[in-house]
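Not measured: the values here are computed from a predicted model. Start at 1 with the first residue, then count along the sequence. Both ligands and their constituent atoms are indexed starting at 1 by order of listing.
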Amino acid sequence: MSERVRPVVAIDGPAGAGKSTVARRLAEELGFVLVDTGAMYRAVALVAIRQGVSLHEGAALGEVAAGLVREHALVFERGDGDTGVRVKLGNAPPREDVSDAIRTPEVALAASVVSAHPEVRAALLDLQRQAGADGGVVLEGRDIGTVVFPDAEAKIFLTASPQVRARRRFAEVQARGQTNDDGSAVTLEQLENEMQRRDSQDVGRAVAPLRQADGALVVDCTALAVDDIVAQLHAFVLSRSSR
Ligand code: DC
């Protein structure tokens with residue numbers, strides 16, 4: 001077992017299952033640091049798109065990711081008030097806040113493609129492991145309990161029906177007032193299709209595919225209130241930490 005004093009909490013699951021909201025609330029309640037690993041893949045995808053790097057060139061994408069890590073150019077900062085963690089790019093202040101730019105449907109799909117390349121995963125793995133090394137951290141993603149921290153004290157897998165997941169994403173996109181790149185409105189049907197594509201990419205890839213970790217607590221969030229999910233997970237983490 002590890003020498004950590006405080007536990008590592010690993011939360012995995014498909015897009016829209018409720019990971020972000022639940023992970024943020026749980027981290028707040030526990031007084032733990034929150035690490036959103038999906039935001040790392042999204043940031044790599046955003047930089048690759050901006051630099052005109054093909055999303056199918058694993059080596060070049062790996063270099064984009066390794067460059068961000070090497071230059072300390074991918075930074076997570078606490079936001080003011082309720083805005084949560086902000087994602088910033090740049091190796092020195094003033095860094096560009098890309099928190100909204102990485103949340104577009106286009107970048108979401110690109111992140112899913114980019115994340116299938118082993119070179120990209122390898123470049124981000126150390127960063128993720130360092131972030132959790134001392135424990136007292138909630139990490140959310142697709143492979144936290146299976147690859148990044150297979151020895152995490154508390155492993156959690158969140159699911160929800162495809163319809164509920166797409167509706168959640170739709171509500172988020174609307175709240176941000178986002179449109180497609182060509183200015184057209186994002187539709188629920190479009191998000192359902194994109195989510196399906198992303199699911200099959202994330203589950204079907206050869207490296208670190210999305211799957212339940214052994215020993216994970218599985219929670220179906222389709223019909224549960226956020227408060228109830230957080231309470232259940234909080235109790236689970238406490239029970240796992242006292243062993
Ligand atoms: O959680 P998210 O929607 O922000 O993640 C965006 C993409 O990044 C997702 O489609 C797959 C990829 N990802 C991954 O491969 N491994 C992780 N640990 C987190 C995200």
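A search for side-chain contact (heavy atoms from CB on, under 4.5 Å) contacts involving Asp182 returns Asn180, Ser184, not counting sequence neighbours.
Looking at Thr37, Val114, Val107, Val207 and measuring to atom 19 (C) of ligand 1, the nearest heavy atom belongs to Thr37. When Gln201, Arg198, Arg169 are checked for heavy-atom proximity to atom 6 (C) of ligand 1, Arg198 turns out nearest.
Expressed to the nearest 0.5 Å, how far CG of Asp12 lies from CG of Leu139 amounts to 9.5 Å.
The proximity of Arg42 to ligand 1, defined as any non-hydrogen pair under 4.0 Å, is limited to the side chain. Contacts of Arg142 with ligand 1, taken as heavy-atom pairs under 4.0 Å, involve both backbone and side chain. The proximity of Glu194 to ligand 1, defined as any non-hydrogen pair under 4.0 Å, does not occur for either the backbone or the side chain. Contact annotation: for Arg121 versus ligand 1, heavy atoms closer than 4.0 Å belong to the side chain alone.
For ligand 1, the atoms lying closer than 4.0 Å to a non-hydrogen atom of Ser112 are 10 (O). Using a 4.0 Å cut-off to heavy atoms of Asp202, the atoms of ligand 1 that qualify are 9 (C), 10 (O), 11 (C).
Residue Asp36 places no N or O, backbone or side chain, under 3.5 Å from any N or O of ligand 1. In terms of N/O distances under 3.5 Å, ligand 1 is not approached by Glu140.
Remark: minimum distance from atom 12 (C) of ligand 1 to any protein heavy atom is reached at Ser115 OG, 3.4 Å. If you check which protein heavy atom lies closest to atom 8 (O) of ligand 1, you get Tyr41 CB, 3.6 Å.
Of the N and O atoms on the side chains of Arg142 and Tyr41, not one donor lies less than 3.5 Å from an acceptor on the other residue. If you check the side chains of Ser115 and Arg205, you find a donor sitting under 3.5 Å from an acceptor. The closest side-chain donor-acceptor pair between Glu153 and Ser241, if any, does not fall under 3.5 angstrom. A donor atom on one side chain and an acceptor atom on the other are found under 3.5 Å apart for Glu194 and Gln190.
Using a 4.0 Å cut-off between charged nitrogen and carboxylate oxygen, Arg211 and Asp202 do not count as a salt-bridge pair. Between Arg50 and Glu96 there is a salt bridge, with a side-chain nitrogen of the basic residue lying less than 4.0 Å from a carboxylate oxygen of the acidic one.
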